[in-house]
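Computed from a predicted model, the values in this text were never measured in an experiment.
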Amino acid sequence: MIDRVQASLFLDEPVGNVPQVSPSRAKALGSKGIYSVRDLLEHYPRRYIDLSSVVTVEGSRIGQSCTICGTIHEMKLKKPRYNLQLVEISLTDATGLLMITCFRQPWLMKSFQVGDRVAVAGKVEFNYGFKRMTNPFIEKVGEGPVRGKIIPVHPACAKVSAVFMLRFVQEALRETCGCEDPLPLELRLRYRMPSRSCALQAVHGPRTLQEAQEARRRLAFEEVFLLELFLMLRRAREVADLQAVRHRVDGPAVAALREALPFALTDEQEGVLGEIFQEMAAPRVANHLLLGDVGTGKTVVAAFALAAAVDSGGQALFMAPTEVLASQHFASIGPLLQAAGVASGLLTARTAPEERARLLEGFSSGEIPVLIGTHALLEPDVRCPNLTLAVIDEQQRFGVGQREKLLAKGEAPDALYLTATPIPRTLALTFFGDMTLSYLHSRPRGTAPRTTTVLQRSQRGRAYDVALERVKAGEQVFIVCPLIGCSAEERDKRAGADEEEAAHPQVTIEGEEDYQGDNLVAAEAEAQFLQSHVFADYRVELLHGRMKGEEKAQVMERFRSGESQVLVSTTIIEVGVDVPAATVMIVEDADRFGLSQLHQLRGRVGRGGLPSHVFLVSASKKPEALSRLKAMEATDDGFQLADFDLSLRREGDILGNRQSGASALKLVNVTRDRAMIEAAHKDARALLAADPDLSLPEHRFLAREVEMFGRREKKAEEEKDAHHSRRS
């Protein structure tokens, strides 16, 4: 534990005020996002070295991480290239020799010298006749600021090594005041958690690993508890002075829509619709998120919400992130609404001026009560005299400011958000704590079977055989490629050039070392190859985000109508493409995508009642990559895949983009900490029910912490909105 002296620093002071932090190092810390004392104290160790469980060089096992203590026998600074320096250290103990290579750390030559006894922690490898470690953590044993046998290892940055980072953190702990505990005493007693001050000292300088784990548990609970309070308070303030519309949910348009449906809603769809109607009919502004797996019928449920808005004398906007998706919604919802006596229109950036003027006039007059569109709905000339419902599809693809701009077109409209990205409940509670949630897990009964097969690149001929057989039977094929037709470097430069490519970002999982330049399959070259060698008697089309809007629309129309049989595409078809005759999909270099994205892609086939086949082709030999793809073979349940994906990746990769509160969660693991998240969500609701604005004296410091949290989130959301605006 850290010895306390007279405190002289406050949490929100600049990090440069911490003893030993020079101006140049303060600047280096800023590049890591560490600007204040608070940021420094929340720069938690990524792991710990337990010197009580040291192994010898001889006893270390190849391929495993361990800690070894020894004496430096020799040190050399080498420059294999003009821009690369490395330090090579020979470490000996009574049992043998360990070679250590540290890249781009020339300062080690000054920090250590021959004869020093050090502890090194890292992964042991065997090369050129010796056991080796590359870039391990190195610390002098029995020297420096570390006391005890547990050494915390903090993430380092340029000009600030892990050792110096630890020294700065310890100085901050010694000098800090203002560490009052924001958590109510009742919660700390109930969960047997230490105070914030004790937890910070223990997480940065534990006496035992168990003490470190208990400190992390307490600080993780605080993170998610503050996040939940922030989201709930923000929502309460947004609707505090709003007069909510109590929608009529049993009106004639809803009844007519039910009659017009060519099928009956499933029990699960009826249950979800009841939950949405309950929120819309309540005397408060609804803020509801519908999470539905691919093909579970979210759109038809949303159509009933639109009809309820019209039955209540209101209007509705339905915004989607891409023209393809907006057009698809209009094609599917429009006829149903028309059969129910509800007029609707489609507004995108490509809408002709005359048609745009007609739609805007009809919408402003109330003649057209439902408008479906893209970002074009955000334009100032889209006026809504009586907006009571806003539906936002794939809501995580929009910035907070964009969503608020749409809702601001009405006095107090209900909000219904849709997402086809399967998000586990704990993750949804963490990032959407201010919303009520509904889930659609099951595809409607009678849906045709869909099989998924993983193939090595050398086996892709099997996929072509099945695809050709299905095309001969009158069915259609998707071929999905990770690249358009340029190098990875050029692709990155152009990534923000198109609205639809921005809405469907590619997710890289594997390291670039698996692929050399043009080894990745590019859509342009693949389309030419397939047209010449595989589908010579049929029409192969190409679709990608750098094509002009009119050209993309024409390609999709020819594919929908059956004029073309094979569509080679990038991930632009991930959502919003509904071609009933498409029964085969081949995804090239499938290991380049996340599981949730692959699940979205395969949802494009099997939508017309015919059995479908999905082939995931990969050149990777990595066991972890192949195990991920095998999970796609094992289940067709998107939520099971999302749980598995979440255990391997970051929350932001599952959600698609950064969400509110993501920057604050440094310790919470939404897979491991499920019970904690559920408890924090419940406790936050209970606290606000008793003290809605945190005005009680015992919540004074908690209110201040939530306010500070909000300031950080506002800055992060502004950065995200600016990013969305550039890419839209």
Side-chain angles (χ1 to χ4, degrees), residues 253-254 256-258 260-266 268-277 280 288-310 316-340 342 344-348 369-374 377 389-398 414-423 437-447 503-504 556 560 573-580 582 599-609 638:
V254 170
L257 178 58
R258 194 178 293 276
L261 284 180
F263 52 83
L265 296 180
T266 65
E268 188 179 41
Q269 289 170 339
E270 288 284 8
V272 166
L273 182 58
E275 293 171 356
I276 294 173
F277 276 173
M280 293 180 65
H288 197 83
L289 175 63
L290 173 57
L291 303 103
D293 202 351
V294 176
T296 53
K298 297 181 301 300
T299 307
V300 71
V301 172
F304 277 94
L306 298 174
V310 176
L317 290 172
F318 191 137
M319 185 170 69
T322 69
E323 289 186 11
V324 172
L325 186 52
S327 300
Q328 183 63 53
H329 285 325
F330 182 66
S332 60
I333 293 178
L336 292 175
L337 293 176
Q338 184 177 7
V342 177
S344 62
L346 174 65
L347 183 66
T348 71
V370 175
L371 204 54
I372 301 169
T374 58
L377 298 178
L389 175 67
V391 180
I392 302 178
D393 195 16
E394 295 300 320
Q395 65 88 32
Q396 73 276 8
R397 300 185 189 275
F398 295 96
D414 285 351
L416 173 61
Y417 303 99
L418 313 178
T419 180
T421 301
I423 302 173
L437 308 176
S438 290
Y439 279 86
L440 280 173
H441 293 86
S442 307
R443 298 167 73 193
R445 291 182 294 275
T447 303
H504 306 291
M556 281 307 308
R560 284 196 186 97
I573 60 138
E574 181 184 345
V575 294
V577 175
D578 191 355
V579 181
H599 186 62
Q600 290 270 17
L601 286 169
R602 74 175 171 185
R604 300 308 103 205
V605 297
R607 303 176 72 88

Is a salt bridge present between Glu270 and Arg258, judged by a nitrogen-to-oxygen distance below 4.0 Å? yes
Would you indicate whether the side-chain heavy atoms of Ile573 and Leu601 approach each other to under 4.5 Å? yes
Hey, are the side chains of Gln328 and Arg560 touching, using non-hydrogen atoms and a 4.5 Å cut-off? yes
Of all heavy-atom pairs linking Ala305 and Leu389, the shortest is O-CD2, 3.3 Å
Spatial distance of atom CG (Leu416) from atom CZ (Phe318) [nearest 0.5 Å]: 8.0 Å
Heavy-atom closest pair, residues Ala260 and Leu336: O-CD2, 4.3 Å
When every non-hydrogen atom of Met280 is compared with those of Ala309, the smallest separation belongs to CE-N, 4.4 Å
From Tyr439 OH over to Leu289 CG, what is the distance, rounded to the nearest 0.5 angstrom? 7.5 Å
Return the minimal non-hydrogen interatomic distance between Ala326 and Ile372, and the atom names on each side. O-CG2, 3.8 Å
Main-chain N/O of Thr296 paired with Gln269 side-chain donor or acceptor, under 3.5 Å: yes
Non-hydrogen side-chain atoms of Phe304 and Val254 separated by less than 4.5 Å: yes
With rounding to the nearest 0.5 Å, note down the distance linking CG in Leu290 to CD in Glu275. 9.0 Å
Interatomic distance, Tyr417 atom OH to Leu437 atom CG [nearest 0.5 angstrom]: 12.5 Å
Which of Leu261, Ile333, Leu273, Leu257 passes side chain to side chain contact (heavy atoms under 4.5 Å, CB included) with Val300? It is Leu261
What distance separates Ile392 CD1 from Met319 CE, expressed to the nearest 0.5 Å? 4.5 Å
Do the side chains of Leu306 and Val342 get nearer than 4.5 Å, heavy atoms only? no
Shortest non-hydrogen contact between Ala340 and Ala253, atoms and distance: CB-O, 3.7 Å
Grab the two heavy atoms, one from Ser344 and one from Gly334, that are nearest each other, plus how far apart they are. OG-CA, 3.8 Å
dist Leu325:CG -> Thr374:OG1 (nearest 0.5 Å) comes out at 10.0 Å
